[in-house]
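Heads up: the structure comes next, in C-alpha cells.
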2 protein chains.
Amino acid sequence: MPPRSRNPISRRERPAKPALTRAGIVATAVEILRAEGLAKVTMRRLAQELDTGPASLYVYVANTDELHAAILDDLLGEVDLETAARGDDWRERLVGVLSSYTLVLFTHPELARAALVARPSGENYLRLLERLLALLDEGGVPAAQAAWGVDILLQSATATAAEASTRAQSQARAQQQWDAMTRALHEVDGQAYPQVHALADQLLSGTPQERLSWNFRMLINGIASTPVPQPLPS
Amino acid sequence: MPPRSRNPISRRERPAKPALTRAGIVATAVEILRAEGLAKVTMRRLAQELDTGPASLYVYVANTDELHAAILDDLLGEVDLETAARGDDWRERLVGVLSSYTLVLFTHPELARAALVARPSGENYLRLLERLLALLDEGGVPAAQAAWGVDILLQSATATAAEASTRAQSQARAQQQWDAMTRALHEVDGQAYPQVHALADQLLSGTPQERLSWNFRMLINGIASTPVPQPLPS
DNA sequence: ACCTGAACACCGTTCAAGT
DNA sequence: ACCTGAACACCGTTCAAGT
C-alpha cells in the first residue's frame, strides 16, 4: 500500500492532483468529449474535472474556440491516411482518405461545426494535408490547382459532417426537419418554381453515402480541370 | 395627439404592446441582428424587447436553431438573383448569384454558421434554389447532376462565409491566427512533409475574391462533368 | 389556447489578490 | 510566473399556474 497523505487534516485524500499543462487540459477535454459530447466540454466543467477553477485554464488556452481546435487536432489522429484499397486508382484512394476524415468528424459533428471556424493546424492536420496533396500530385493535378483544391475538399467534408450535428442532437427533431423539407419540396408551386417542382425527387434522391462519394469525385474532377488564374507579373 | 391610456395606474404608459406572432418575433430578431449581431439575438433578449418573458416565445419558435433558420430566410431576400451581367455566359451569371449569396452571408457570418446546421426552407430560399437550377439547366447540365450539385454550391458558399465568423469576432485574433498558420506552413519540415513544404506559398496565395471565384467555377465544372450514379432498377 | 413568473441548471471571461 | 476565488453578466428551456 502506498503511503497516504501525512497530513490528513490540511489536505483531504484524493488522487494526486497533476500539474496543469496544455496537453493535460486537451487530453481531459477529449475524455469528456468521448464520454459526453462537446456540449459538456465547457471551461467550467473542464476546470472541475481538473480540480481547479475555470480561470486557471486561461493560462494555457486563449478561449473556447481555441480549445475546440486543439481537441480536433487530437481527434484527427484517427483518420486513415492509407485506406484499404492500396492498389486502387489515385482518385479512389483520395476518396477513401476524405471519407475517413468525414467519418471521424461524424462521430462528433458538433466539433465539425467548430472546425469550420477555427481550423486546426497541428501535426495530424499537417499529415492529412500532406497525404491529400501527394495523392493529387500522383494524379497529375497541377500543383496550383491542388493547393487551392485541397482546401475545398476539406471544407466540403467538414461542412457535410457539420450538417449532421442537428441530427446528433435529437433523432426526433431531425426526422421532423427532414419531413418538413420533403413536404415543402413536393408541394412547391409548379408555376412559380418550375425547376424545383420538376426536380423535387432528384433533389432528395440518393443515400448519404452515394451523395458523399459523388461529392468528392465531382470536386476532384473540378479541381483537376479548372486552372488557377495567372498572377499578374509585377 | 392620439388618446393615451385611460387608466394610467393599472397600466403604465408605453407603446401599445403588439400581440405576439411568429412573424413579429422574427422581425424583431432581425432588428437586433442588424443592430448588434447574432450573439445578442437570444431568447431572453428577444423576450425583453417584446416586453414578455422568454417562455412566451416557445409558443411560436421551437428552439434557438429554428429561430436562426427563420432569420436567415428573411435575410435571403437580399440576394441578387439577376446579377448585373444579364448578357453574360450562364456560368458567369451563376457565379454572380452565388457571390451575392455569399456576400449577404458575409454581413452576418455567425448566421452562416447556423445555416449549415438548420437549413432555411422558406420562400427566399426556394427562389434562390429555383434560380440556380434554372441557370444550370440553361447551361445544359443534366438535371440529376444539377439537383445534387446545387446543394453543394450552396453548402460551399455557406461554409466560406461561416469561416469568416472568427474574423468578425476579433480583427486582432484573426490576424494572429492567420500569422500562426502562415508561419506553421512555411516552417514545416520539408523531409516529413515535402508536398506541404513545396506548396506553402501556393496554399496561401490568391485574394479571397480570386479563390471564391475559382471555387465556384471549379464546382460548376465538376458538377457539369460528373454523372450521378444510375439507380439500380428495382 | 395562449401566456407567463419563476426556477433549474448552467455558461465564458475577467480581475484583483494570493503564492 | 502561475494560479485562483469570486464576481460580472449573462444563457436555454421547462413547468406549474394563471387568464
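The sequence lines fix the lettering, A, B, ..., with proteins before strands; numbering per chain opens at 1.
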- Between dC8(C) and dC11(D), how far is it from one C1' atom to the other, in whole Å?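 Roughly 12 Å separates the two C1' atoms.
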
- Task: For dA6(C) and dC10(C), measure between their C1' atoms and round to the nearest Å.
- Result: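 Approximately 16 Å lies between the C1' atom of dA6(C) and that of dC10(C).
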
Taking only N/O atoms, report every protein-nucleotides 6-12 of chain D pair under 3.5 Å with atom names and distance.
from: dC11(D); atom 1: OP1; to: Thr42(B); atom 2: OG1; distance (Å): 3.0
from: dG12(D); atom 1: OP1; to: Met43(B); atom 2: N; distance (Å): 3.2
from: dG12(D); atom 1: OP2; to: Met43(B); atom 2: N; distance (Å): 3.2
from: dG12(D); atom 1: OP2; to: Arg44(B); atom 2: N; distance (Å): 3.4
from: dG12(D); atom 1: N7; to: Arg44(B); atom 2: NH1; distance (Å): 2.6
from: dG12(D); atom 1: O6; to: Arg44(B); atom 2: NH1; distance (Å): 2.5

Quick one: side chain to side chain contact (heavy atoms under 4.5 Å, CB included) partners of [X], sequence neighbours excluded?
X         : answer
Glu31(B)  : none
Ala112(B) : Leu105(B), Thr158(B), Ala161(B), Ala162(B)
Arg44(A)  : Thr42(A), Pro54(A)
Pro120(B) : Leu72(B), Asp73(B), Leu76(B), Tyr125(B)

- Donor-acceptor pair, side chain of Gln202(B) and main chain of Leu199(B), under 3.5 angstrom: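 No.
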
Using the side-chain hydrogen bond (donor to acceptor under 3.5 Å, both in side chains) criterion, which residues pair with [X]? Sequence neighbours excluded.
X         : answer
Ser213(B) : Arg217(B)
His186(A) : Asp201(A)
Ser156(B) : Asn215(B)

- For DNA chain D, which consecutive runs of 3 or more Watson-Crick or G-U pairs (each distance under 3.5 Å) count as stems?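 Stems for DNA chain D, defined as runs of 3 or more consecutive pairs: C:4-8 with D:12-16, C:12-16 with D:4-8.
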
Separation of [X] atom [atom1] from [N] atom [atom2], in whole Å?
X        : N      : atom1 : atom2 : answer
Leu57(A) : dC2(D) : CG    : P     : 15 Å
Arg22(A) : dC2(D) : CZ    : P     : 14 Å
Leu20(B) : dA1(C) : CG    : P     : 18 Å
Leu50(A) : dT4(D) : CG    : P     : 10 Å

